[in-house]
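Comments concern the structure below.
Quantities reported herein were computed from a predicted structural model and do not represent experimental measurements.
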Amino acid sequence: MAKVKAVKEATQIKGATIFDFVDGVTHKKKEWSKWSESDQKKFSPFIVNRWLSMRSELIDLVNMLQKYTIGTLTPKETYRVYYEVLPQNKGFAKYIKGSKDDAYNLKLIDQIVEHYTVSKSEAVDYLDLLNADQVTKIVSLYGYTDAEIKTMIKGVKK
């Protein structure tokens, strides 16, 4: 009985992913009606817009269509627009990650906040502009040892 259940689970087809939908409107060109009903329910215009906009040659087009594809058009209509408009080619879309919030040492951020009397987000902006020598001079004013300064300024541009 356990073997039968394992075989059934192994033969079940997995649902569509975002990559399948992006492929369906670009290089594999799969019509909306060919997707299962459960896959059609999974289609998210927002996520597809996000992934398509990571391809530099499609940014302007996706940006122009975005105001219609989110909210105005149904997912089926959105899929059809992209299916008809996008060229049939496979393109590489490098995922653009957000910047790390913890790129700088927390003690260093607090010290910059105190030194310039600014918010933490402004202090991070300052650290993006300052180089390691400038930050070292600022931090050394507050009595940190060389070892502490060295660990604090990791991640600051040279």
Side-chain angles (χ1 to χ4, degrees), residues 14-30 32 35 38-158:
K14 293 182 181 179
T17 65
I18 180 63
F19 306 108
D20 298 325
F21 289 123
V22 171
D23 288 346
V25 295
T26 56
H27 81 282
K28 290 185 181 175
K29 294 288 187 180
K30 184 176 180 180
W32 180 260
W35 294 102
S38 64
D39 288 341
Q40 289 177 1
K41 289 179 182 177
K42 289 180 188 177
F43 181 78
S44 170
F46 172 78
I47 299 296
V48 171
N49 285 345
R50 184 172 176 170
W51 275 95
L52 289 173
S53 68
M54 290 182 202
R55 290 179 49 186
S56 59
E57 72 274 13
L58 300 178
I59 289 174
D60 293 331
L61 177 67
V62 172
N63 187 41
M64 184 180 71
L65 293 174
Q66 184 167 309
K67 60 185 168 190
Y68 305 110
T69 60
I70 298 179
T72 306
L73 299 175
T74 65
K76 179 180 180 178
E77 293 166 334
T78 299
Y79 186 90
R80 181 168 175 143
V81 166
Y82 282 138
Y83 179 85
E84 297 292 334
V85 171
L86 296 178
Q88 184 173 359
N89 65 1
K90 183 168 177 77
F92 177 72
K94 182 176 181 185
Y95 187 75
I96 302 167
K97 298 178 185 176
S99 61
K100 290 185 180 179
D101 292 337
D102 57 347
Y104 300 113
N105 183 301
L106 294 177
K107 267 194 206 176
L108 177 61
I109 294 172
D110 290 338
Q111 201 57 64
I112 297 298
V113 165
E114 182 180 334
H115 184 76
Y116 288 109
T117 320
V118 294
S119 69
K120 286 187 177 191
S121 64
E122 288 176 312
V124 170
D125 291 341
Y126 280 36
L127 288 169
D128 290 339
L129 298 172
L130 297 170
N131 65 34
D133 291 335
Q134 294 167 321
V135 173
T136 301
K137 286 178 186 173
I138 292 168
V139 174
S140 64
L141 296 173
Y142 295 92
Y144 288 100
T145 66
D146 289 341
E148 289 174 318
I149 293 172
K150 188 175 181 180
T151 59
M152 285 174 68
I153 66 167
K154 284 184 181 174
V156 177
K157 66 182 178 193
K158 299 278 181 204

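Nearest approach of V118 to A123, heavy atoms of both residues: CG2-N, 3.9 Å. Here the closest heavy-atom approach between residue L58 and residue P87 is recorded as CD2-CD, 4.4 Å. In this structure, K90 and H27 approach most closely via the heavy-atom pair N-CB, 3.5 Å. A pairwise comparison of heavy atoms in P45 and P75 identifies CG-CA, 4.2 Å as the closest pair.
For the pair N105 and I153, the minimum side-chain heavy-atom distance is 4.5 Å or more. Under the 4.5 Å side-chain criterion, counting only non-hydrogen atoms from C-beta, L141 is in contact with H115. Taking the side chain as every heavy atom from C-beta outward, T69 and Y82 approach each other to under 4.5 Å. For the pair L52 and T26, the minimum side-chain heavy-atom distance is below 4.5 Å.
Note: W32 CH2 to E77 CD = 10.5 Å, rounded to the nearest 0.5 Å. D133 contributes atom CG, which lies 11.0 Å from atom CD1 of I138 (distance to the nearest 0.5 angstrom). To the nearest 0.5 Å, atom OG1 of residue T78 and atom CZ of residue F46 are 13.5 Å apart. The OG atom of S121 sits 10.5 Å away from atom OH of Y126, with the distance rounded to the nearest 0.5 Å.
Looking only at distances, no side-chain donor or acceptor of N49 sits under 3.5 Å from a matching main-chain atom of Q66. Using a distance-only test at 3.5 Å, with no hydrogens or angles considered, no donor-acceptor pair links the side chain of K42 to the main chain of T17. Under a 3.5 Å cut-off, the side chain of Q134 and the backbone N or O of N131 do form a donor-acceptor pair.
Results of the side-chain contact (heavy atoms from CB on, under 4.5 Å) test with M152 over I109, T136, L108, V135 single out L108 as the only residue that passes.
Looking at residues two or more places apart in sequence or on another chain, you find a salt bridge (Lys or Arg N to Asp or Glu O under 4.0 Å) between K41 and E37. Remark: K30 pairs with K34, W35, Y79 by the side-chain contact (heavy atoms from CB on, under 4.5 Å) rule, at least two apart or across chains. When the salt bridge (Lys or Arg N to Asp or Glu O under 4.0 Å) test is applied to K120, the partners found at least two apart in sequence or on another chain are D110.
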What verdict does the side chain to side chain contact (heavy atoms under 4.5 Å, CB included) test give for L73 and L65, after you've listed the backbone C-alpha separation in whole Å, the side-chain angles of each residue and the deciding distance to 0.1 Å? CA-CA 10 Å; L73 299 175; L65 293 174; over 6 Å; no
Run the ring pair (Phe, Tyr, Trp, His ring centres under 6.0 Å) test on F21 and W51 for me, step by step, so that the C-alpha distance in whole Å, both residues' side-chain angles and the decisive distance to 0.1 Å come before the verdict. CA-CA 10 Å; F21 289 123; W51 275 95; over 10 Å; no
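Heavy atoms of other residues, nucleotides or ligands lying less than 6.0 angstrom from NZ of K157 number more than 12. Residue N89 qualifies as enclosed at atom CG: its count of foreign heavy atoms under 6.0 Å is above 12. More than 12 heavy atoms of other residues, nucleotides or ligands sit less than 6.0 Å from atom NZ of K29. For R55, the CZ atom is densely surrounded, since the number of other residues' heavy atoms within 6.0 Å is greater than 12. Atom OH of Y142 has more than 12 neighbouring heavy atoms from other residues, nucleotides or ligands inside a 6.0 Å radius.
Counting only N and O atoms by type, the side chains of E122 and Y116 include no donor and acceptor under 3.5 Å apart.
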